[in-house]
Amino acid sequence: MPRTSSKIFMALICLMVFAQGGIGGKDNADSRLWPVGDSAGWSFGVLGWPNYKPFKAGDVLLFSYKHGTHNVVQVNTVAQYSMCEVPRNATVWSTGKDRVTLARGMSFFICGIPGHCHKGMKIAVTAR
């Protein structure tokens, strides 16, 4: 009887993994890594970089820059994005190799170093 129980348990585990689209889940298998700014990285003038790119929920943005020169701040609203405003509760990355997984919908990212966002270090991304 214990052997039957362990076989049933293993079958249930396999079924659960299969139902979720594999060990990493469906989104992970289909996700794409997007180097922000391509070869230029996270830098001034990156504003138009997201245009016409087919982002999906689960895709990962890679923000590459020299540590200490920039950062990445996720802002919550179009107004904060437009005005380059860093809210108190903002998520901030500063490693120079920051990976951010996109959620469905619009996401807004700016550089929080004073003056950088106003010089074009910001992107708005829509993931389907």
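In this text, all values refer to a predicted model and were calculated from it rather than measured experimentally. Heavy atoms only: backbone and side chains are in, while hydrogens, waters and symmetry mates are out.
- In terms of heavy atoms, Leu33 sits closest to Pro35 at O-CD, 3.5 Å.
- With rounding to the nearest 0.5 Å, the separation of NE2 in His70 from CD1 in Ile110 is 13.5 Å.
- Note: the hydrophobic cluster containing Leu47 also contains Val75 (ILVMFWY, side chain heavy atoms under 4.5 Å, direct or indirect links).
- Contact between Pro50 and Ile123 at its shortest, heavy atoms only, is CG-CB, 3.7 Å.
- By the neighbour-count criterion of 12 heavy atoms within 6.0 Å, atom NZ of Lys56 is densely surrounded, having more than that number from other residues, nucleotides or ligands.
- Between the side chain of His116 and the main chain of Phe44, no donor-acceptor pair closer than 3.5 Å is present.
- Taking the six-membered ring for Trp and the full ring otherwise, the centers of Phe63 and Trp93 sit at least 6.0 Å from each other.
- Hydrophobic clustering, with ILVMFWY side chains joined whenever heavy atoms are under 4.5 angstrom apart, keeps Val100 apart from Tyr81.
- One distance of note links OG of Ser107 with CZ of Phe55; it measures 10.0 Å at 0.5 Å rounding.
- Here the side chain of Trp42 pairs a donor or acceptor atom with the backbone of Asn71 at under 3.5 angstrom.
- Side-chain atoms of Asp59 never come within 3.5 Å of backbone atoms of Leu102 as a donor-acceptor pair (strictly under, hydrogens ignored).
- In this structure, Asn76 and Asn89 have side chains that are in contact, with non-hydrogen atoms separated by less than 4.5 Å.
- Ring planes of Trp34 and Trp49: perpendicular class, angle over 60° (limits at 30 and 60°).
- Heavy-atom contacts from other residues, nucleotides or ligands closer than 6.0 Å to CE of Met83 number 12 or fewer.
- Atoms OG and CE, from Ser43 and Met121 in turn, are 6.0 Å apart once rounded to the nearest 0.5 Å.
- For the pair Leu61 and Phe109, the tightest heavy-atom approach, listed with the atom from each and the gap, is CD1-CE1, 3.7 Å.
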**Request:** Give the C-alpha distance, both sets of side-chain angles, the deciding distance and a yes or no for side-chain contact (heavy atoms from CB on, under 4.5 Å) between Val78 and Phe108.
**Result:** CA-CA 8 Å; Val78 173; Phe108 305 98; 3.4 Å; yes
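- Side-chain heavy atoms closer than 4.5 Å link hydrophobic residues (I, L, V, M, F, W, Y) into clusters, and following such links, possibly through other members, connects Val72 to Val125.
- Heavy atoms only, all atoms of each residue included: Gly112 and Val86 are closest at CA-CG2, 4.0 Å.
- In this structure, Cys84 and Cys117 have their SG atoms less than 2.5 Å from one another.
- Between Ser31 and Gly58, the closest heavy-atom pair is CB-O, 3.1 Å.
- Scanning all heavy atoms of the two residues, the minimum distance from Ala57 to Ala127 falls at N-CB, 3.7 Å.
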